[in-house]
Amino acid sequence: MRTGRRFVEVLGGAAAGRSDPGPGMVAVDGIGESSALGALFGSGRPAGRSARSSDADERRQLTVLFYDIVGSTAMLERLDPEDTREVLLRVHDIARDCIAEHFGSLQQVMGDGGMAYFGWPVASEDAVFQSVSAAWAILQARDALAQSGAGAPDIRIGIATSVVVLPTDRGAAQGAHLGAVGVAPNLAARLETVAAPNSAVVDWTTERLCRRAFGFSRIDGLTLKGFPDVHTAFGLTGRRSVASRFRMLRYSGTALVAREAEAARLWQGWESATAGTGAAVLVEGEAGIGKSRLAEALVERIGSAGRVLTLQCQPSTSGEALHSLIGMYERAWAEWDSDPDLGQAAMETAALVRELEEDPTLSATARRRAIVEGCVAVIGALARLRPCLVLAEDLHWADEVTLAVLAALAEAGGPVMVLGTARPGTVPLEPRRRFAAVSLERLSDGEVLKLAAAVADHDLARATLDWIVEKSDGNPLFATELAAFAADAFEGEPIPAGAMQGGTVVSLRDLLAARLDMAGRARRTAQIASVIGRDVPFPLLVRLSADRFPRDELEADLDRLVQHGIQHLAADGVTYSFHHALVRDAAYESQLRGTRRELHGRIVDLVTSEPALGERMAREVLAEHCLLADRLEQGV
């Protein structure tokens, strides 16, 4: 039977991310100096992630996976303790490997169970997807172990997502480490108890964020100890075939607003490809600006007139050579009947890479060149049968070899259009010069209103629309998610004052946290600045941070925040502003309430004692700082 796994075995296990290939296999991502492809493509996965250092705990969205080995007590009654230990270790090893493979952080192993965090210590915009992917991988690996005759006990898994309070120092008080405090850890443990053997159950939030990527069955009538209001959960039934991250998201079917000129440029590129002269276009813009939606519109317009090859780059695979190309071919192999020509191309590419890997006469440089030329030749042959759109998503996460293949395709021309999407300034100059650039800007207020109306299935109140315009700052993703939230949670009615901040929209939390984490240590400055407001006078920020770290570190942090597009320096030369209100909200809400209260009080003291620091601050804003610092008398 033709399966994606068969392609992985031929190609060497890279798409599945195997760190221990079986006999006769070679890992394309490079597992040692003896591997020719390892020397050619680099050392494999990026170095392990480490916790970010900070002087305070923080709030953030966290997805927790809790697994339990069923029947361990009965096992002890019939087996020697050593034999029981061996059985348990086999399952724990499976869980540990699958969790690590999907960038979770295994926090506890407790005899017959374990708990993992996703989205900490480093935030990931895909944290929820990674947790469910890990659960599915654990279940599949456990089944494979049982079928091998080695023996594997049943396992149950629960997953939940919520805001929690977390220590930033992972090693603090090892034996008495409190860990995450919030709904998710306890709810995940309760959901595990209602899962059937060898299955996973997730909460409403997790299902809502993953329903396009995974299948779920609704479970009603639950009674969970400690959660009297939770009566519904969702059982994981399988993984859906989804070619791109964009198609996993709820906004993938929304209207394309105010991109007519850009859409026309992409269509011109496709017409050039169908005429046999080829085209290469790179769509650039910040996260959520609509790059993938614009590409999706082209795919929809092409329809059956062309073959679409989707290469999906991922943040966790930037060190794996040809990972996105392998993933595309794996899907093709698994769906051979729907496109046998593409399935044949997958088989030819796998054989080609294996042959080149085993050729001892080739140098690393020659092998790399041959692999790139071979991949281009296979896609070129496909395009001669039917014009091809090679859609390469999120090239800011692409490996060097994939970029080389795309650049060579762009150079080759023919009935092929290469369409890449990337964040600004992230694609190296050499491949980038082969592409025509299309830059996406933010939407106007009127365009945001039009998009919000298209997202909601009923009219939204004027105050709610104004809130969406203010918080989204012209970002289509932000506007879409805010409009969907308002329509779902408040049914179009005005949002109650103080009911929520923009950063609390669950579908945006991981994305916003990930954007902040990109700044590394500078995140601390973003958090302090967020307490001042969206516009941050530099002199006030200097004084506010003076007792936390030196001024030279503050200036280095600000430079980094500007480089990562989190803040920018205003025209007056002394005021920094957050690019997006939602990013400011996320930085503010990631801090503990006590930390925020202390900083608000410090602002009041500074502005009161040194009026020059507050000359740009309205009295109403100062009054709000007083109220948030619990200084009611001063705020009146």
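Along the sequence shown, residues are numbered consecutively beginning with 1.
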After noting the C-alpha distance and the side-chain angles of Asp572 and Phe538, does the key distance pass the side chain to side chain contact (heavy atoms under 4.5 Å, CB included) rule?
CA-CA 11 Å; Asp572 64 8; Phe538 179 69; over 6 Å; no
Assess the residue pair Val583 and Leu512 against the criterion (side chain to side chain contact (heavy atoms under 4.5 Å, CB included)); give the C-alpha distance rounded to whole Å, side-chain angles, the decisive distance to 0.1 Å, and a yes or no.
CA-CA 6 Å; Val583 176; Leu512 295 168; 4.0 Å; yes
Please lay out, stage by stage, how Arg551 and Glu555 fare under the test salt bridge (charged side-chain N to carboxylate O under 4.0 Å, His left out).
CA-CA 6 Å; Arg551 177 165 173 165; Glu555 292 176 348; 3.0 Å; yes
Evaluate the criterion salt bridge (charged side-chain N to carboxylate O under 4.0 Å, His left out) for residue pair Glu58 and Arg523; output intermediate values, then yes/no.
CA-CA 12 Å; Glu58 66 180 5; Arg523 188 176 191 269; 2.8 Å; yes
Start with the C-alpha gap between Leu540 and Ile532, add the side-chain angles, then the distance that decides, and say whether side chain to side chain contact (heavy atoms under 4.5 Å, CB included) holds.
CA-CA 8 Å; Leu540 179 56; Ile532 297 175; 4.0 Å; yes
Test Asp473 against Arg584 for salt bridge (charged side-chain N to carboxylate O under 4.0 Å, His left out), laying out the working first.
CA-CA 12 Å; Asp473 286 320; Arg584 180 264 167 184; over 6 Å; no
Working note: His600 + Arg631, criterion side chain to side chain contact (heavy atoms under 4.5 Å, CB included); need CA distance, chi angles, decisive distance, verdict.
CA-CA 10 Å; His600 283 297; Arg631 309 253 187 109; over 6 Å; no
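Taking the six-membered ring for Trp and thresholds of 30 and 60 degrees, Phe478 and His580 have ring planes more than 60 degrees apart, a perpendicular arrangement.
Between His625 and Met617 the shortest heavy-atom distance is CD2-SD, 3.9 Å. What you find for Ala452 and Leu460 is that their closest heavy atoms are O-CD1, 4.4 Å. Pairing each heavy atom of Ser530 with each of Gln591, the nearest pair is OG-NE2, 3.4 Å. Closest heavy-atom contact between Leu282 and Thr421: CD1-N, 4.1 Å. Annotation for Arg596 and Arg59: closest pair NH1-CD, 4.2 Å, computed over non-hydrogen atoms. Minimum interatomic distance between Ile289 and Gly474 (heavy atoms only, all atoms of both residues): CD1-O, 4.3 Å.
Using a 4.5 Å cut-off on side-chain heavy atoms (C-beta onward), Leu541 and Leu558 make contact. No side-chain heavy atom of Leu191 sits under 4.5 Å from any side-chain heavy atom of Val202. Side-chain contact between Val230 and Arg190 is absent, with no heavy atoms from C-beta onward closer than 4.5 Å. Contact of the Lys471 side chain with the Asp585 side chain is registered, since non-hydrogen atoms from C-beta on lie closer than 4.5 Å. Between Pro185 and Val164 there is a side-chain heavy-atom pair separated by less than 4.5 Å. Between Phe118 and Phe103 there is no side-chain heavy-atom pair separated by less than 4.5 Å. Between Phe214 and Ser133 the shortest side-chain heavy-atom distance falls below 4.5 Å. Inter-residue side-chain proximity for Glu207 and Ile159 is flagged as unmet; no heavy-atom pair is nearer than 4.5 Å.
With Arg534 contributing its side chain and Phe578 its backbone, the two residues share a donor-acceptor pair below 3.5 Å. A donor-acceptor contact shorter than 3.5 Å is absent between the side chain of Arg156 and the backbone of Asp68. Side-chain N or O atoms of Asp394 include none that pairs as donor or acceptor with a backbone N or O of Trp397 at under 3.5 Å. Side-chain N or O atoms of Thr608 include none that pairs as donor or acceptor with a backbone N or O of Asp605 at under 3.5 Å. Side-chain atoms of Lys291 never come within 3.5 Å of backbone atoms of Val283 as a donor-acceptor pair (strictly under, hydrogens ignored).
Between His564 atom NE2 and Arg515 atom CZ the span is 11.0 Å, to the nearest 0.5 Å. Distance check: Gln108 CD to Met115 CE gives 4.0 Å after rounding to the nearest 0.5 Å. Rounding to the nearest 0.5 angstrom, the gap separating the CG atom in Leu224 from the CG atom in Asn186 is 11.5 Å. Residue Asp517 holds its CG atom at 11.5 Å from CH2 of Trp120, rounded to the nearest 0.5 Å. To the nearest 0.5 Å, atoms CG (Leu106) and OH (Tyr117) are separated by 10.5 Å. The CG atom of Asp57 lies 8.5 Å from the OG1 atom of Thr595; values are rounded to the nearest 0.5 Å.
In this structure, the ring-ring contact (aromatic ring centres under 6.0 Å, His included) partners of Tyr67, at least two apart in sequence or on a different chain, are His92. Under the salt bridge (charged side-chain N to carboxylate O under 4.0 Å, His left out) criterion, Asp552 pairs with no residue at all, not counting sequence neighbours. Annotation: salt bridge (charged side-chain N to carboxylate O under 4.0 Å, His left out) contacts of Arg560 (sequence neighbours excluded): none. Residues satisfying the salt bridge (charged side-chain N to carboxylate O under 4.0 Å, His left out) test with Glu610, not counting sequence neighbours, are Arg543. Every side chain to side chain contact (heavy atoms under 4.5 Å, CB included) that Thr205 has, sequence neighbours left out, goes to Thr161, Asp203, Leu209, Val506.
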Side-chain donor-acceptor pairs under 3.5 Å in residues 437-448, sequence neighbours left out?
| unit_1 | atom_1 | unit_2 | atom_2 | d |
| --- | --- | --- | --- | --- |
| Arg442 | NH1 | His579 | O | 3.2 |
| Arg442 | NH2 | His579 | O | 3.3 |
| Arg442 | NH2 | His579 | ND1 | 3.2 |
| Ser444 | OG | Glu447 | N | 3.2 |
| Ser444 | OG | Glu447 | OE1 | 3.3 |
| Glu447 | OE1 | Ser444 | N | 2.8 |

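The only option from Ile468, Val469, Leu465, Asn475 that meets the side-chain contact (heavy atoms from CB on, under 4.5 Å) definition with Leu482 turns out to be Ile468.
Both cation-pi conditions hold for Arg524 and Phe549: the charged atom is under 6.0 angstrom from the six-membered ring centre and inside a 45 degree cone around its axis.
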